[in-house]
Amino acid sequence: METLIKKCPECGGINLFFNKEKGEVICKDCGLVIEEKMIDFGQEWRDFDEEGGESRRRAGAPSTFTKHDQGLGTDVGKVGDLYSISDKKERNKFFRLRKWQYRISTAIERNLKLALSELKRVSSYLKLPESVEEEAARIYTQAVQRGLVRGRSIESVVAASIYLACRIHRIPRRLDEIVTEAKTNRKQISQAVRLILFQVKVDVPLPSANDLIPRLSADLALKGRTVKRATEIIRTARKERVTIGKDPGGIAGAALYIASILEEDRRTQREIAEVSRVTEVTIRNRYKELVRSLGISFEPK
DNA sequence: CTTTAGACGAAGTATTA
DNA sequence: TAATAATTCGTCTAAAG
């Protein structure tokens, strides 16, 4: 699915991944898109602002998420069809319905236009790959259609959409990183995250320690074997169910610590704690826990 | 002097009543 | 809203290297 290619021109990281589905080469360390749009299966979000009128409906939610009664593209009959209805009252009723639908959908589109420019702004600051930006736009659209933005700031829902999109695409971005770019506070954003998680779609993978490994190990300049070892440790740890409810950063850091000792590529707890954004204490607790529950022996010192 | 281990309470979070 | 349970953090002490 994902294959290693070369070096990142931006940060020099070696963790480049080719995402066939999106046709992109992404640096997992800094999130930079090196090559993009080799193939494009995505929805046409990019030209949203330039396009007008009916043609926008092309950019509706992908069919997998679309419910026939909730999409923007739902019409109350065509104008031509209405004239074939003989009853005058019935006909007027349909016209009224069309009118309402027009009002609702233009309101949504106005909101969307505003939101998407904010989305573009934030995601470019964060150097997020386009696939994530598109995902965020999809999520936001769903949120608007379900009226989740009412009573909330557009910015907070946009930020939440971006955060969730990052998680879906397994690109490690902490909520704080998004908070610094967004124009709202953390509380509002996490509220919106919860709301979307609950109301909109649910296919958001839990944050996994494995996703952090590339970024962290690049910062630590670890050997390939060490990285691989750490990945294996996390895999078995997850199988043993000892990772649930724990900070992924702590798990990832602990796995890297163990791996670095096992592969004679040693780093101190302090070094690892720094890049993992957890404290040495947490690294210690997690790694003790892992050693115990996975039965890892510590001969080579 | 540096790294690691472990204990304690404080602080923020999620769940429940 | 308040109480609870689990988790991480900061700090301190101590041992090992």
Side-chain angles (χ1 to χ4, degrees), chain A residues 139 143 148 151-153 156-157 159-168 172-182 184-213 215-217 219-223 226-227 229-230 233-301:
Chain A
I139 294 171
L148 301 185
R152 253 166 282 277
S153 69
S156 65
V157 181
S161 304
I162 290 174
Y163 175 67
L164 288 172
C166 286
R167 275 175 56 179
I168 289 171
R173 288 290 181 275
R174 284 176 307 279
L175 190 54
D176 323 295
E177 295 179 79
I178 292 166
V179 170
T180 55
E181 299 301 339
T184 42
N185 55 46
R186 180 197 189 92
K187 195 175 175 186
Q188 285 197 316
I189 296 174
S190 49
Q191 255 173 10
V193 167
R194 257 196 304 275
L195 199 68
I196 292 171
L197 223 41
F198 189 66
Q199 298 266 347
V200 188
K201 62 178 219 171
V202 274
D203 207 12
V204 180
L206 292 171
S208 132
N210 248 325
D211 302 329
L212 295 169
I213 293 292
R215 195 176 173 178
L216 300 185
S217 52
D219 287 348
L220 292 165
L222 290 165
K223 290 191 302 190
T226 315
V227 178
R229 190 76 175 248
I233 291 171
I234 291 174
R235 192 167 50 234
T236 53
R238 184 180 296 156
K239 216 178 296 179
E240 297 294 324
R241 306 263 178 262
V242 288
T243 59
I244 47 176
K246 306 294 197 306
D247 184 344
I251 301 282
L256 284 172
Y257 180 67
I258 296 171
S260 79
I261 293 172
L262 258 33
E263 297 293 337
E264 327 238 282
D265 192 16
R266 189 158 186 152
R267 299 291 182 280
T268 65
Q269 294 177 358
R270 200 194 62 76
E271 287 174 302
I272 291 177
E274 191 182 348
V275 299
S276 308
R277 308 295 246 267
V278 295
T279 59
E280 302 168 46
V281 180
T282 304
I283 298 286
R284 276 201 289 275
N285 291 337
R286 290 295 83 77
Y287 116 81
K288 280 290 172 195
E289 212 170 88
L290 289 180
V291 167
R292 181 163 39 80
S293 57
L294 302 185
I296 296 168
S297 51
F298 262 133
E299 326 298 340
K301 262 250 163 170

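In what follows, every heavy atom counts, from backbone to side chain, and hydrogens, waters and symmetry copies are set aside. Protein chains get the first letters and strands the later ones, always in sequence-line order, with residue 1 at the start of each.
- The distance from atom CG of Asp247(A) to atom C1' of dC9(C) is 11 Å, rounded to the nearest whole Å.
- Put simply, CZ on Arg286(A) is 8 Å from C1' on dT8(C), counting in whole angstrom units.
- The distance from atom CD of Glu289(A) to atom C1' of dA5(B) is 15 Å, rounded to the nearest whole Å.
- Closest to the side chain of Lys246(A), out of dT4(B), dT7(C), dC9(C), is dT7(C).
- Side-chain contact between Thr226(A) and Ser217(A): absent, with no pair of heavy atoms (C-beta onward) separated by less than 4.5 Å.
- OP1 or OP2 of dA5(B) has at least one side-chain nitrogen or oxygen of Gln269(A) nearer than 4.0 Å.
- Glu271(A) is listed as a side-chain neighbour of Leu220(A), based on a closest heavy-atom distance under 4.5 Å.
- Whole-Å rounding puts the Asn285(A) CG to dT4(B) P distance at 14 Å.
- Nearest-nucleotide assignment on DNA chain B puts the 5′-proximal partner with Arg284(A), out of Arg194(A) and Arg284(A).
- The separation between Ile283(A) atom CD1 and dT3(B) atom P is 15 Å, rounded to whole Å.
- For Thr282(A), the side-chain atoms get nearest to dC9(C) when compared with the rest of dA5(B), dT7(C), dC9(C).
- Here the side chain of Ser208(A) pairs a donor or acceptor atom with the backbone of Asn210(A) at under 3.5 angstrom.
- Between Tyr287(A) and dT4(B), a side-chain N or O to OP1/OP2 separation shorter than 4.0 Å is absent.
- One can place OH of Tyr257(A) at 11 Å from P of dT3(B), the figure rounded to the nearest angstrom.
- Protein atom CD1 of Ile272(A) is 16 Å distant from nucleotide atom C1' of dA5(B), rounded to whole Å.
- Residue order along DNA chain B, read from the 5' end via each residue's closest nucleotide, puts Arg270(A) first among Arg270(A) and Val281(A).
- Once rounded to the nearest 0.5 Å, the distance linking CZ of Arg152(A) with CD1 of Ile189(A) reads 13.0 Å.
- Per the geometry, NZ belonging to Lys288(A) stands 7 Å off C1' belonging to dA5(B), to the nearest Å.
- With a 3.5 Å ceiling on both atom-pair distances, dA6(C) lacks any Watson-Crick or G-U wobble partner.
- You'll find the side chain of Val157(A) stays beyond 4.5 Å of the side chain of Leu148(A), heavy atoms only.
- Listed nucleotides dC9(C), dG6(B), dT3(B) differ in distance to Thr268(A); the shortest reach to its side chain belongs to dT3(B).
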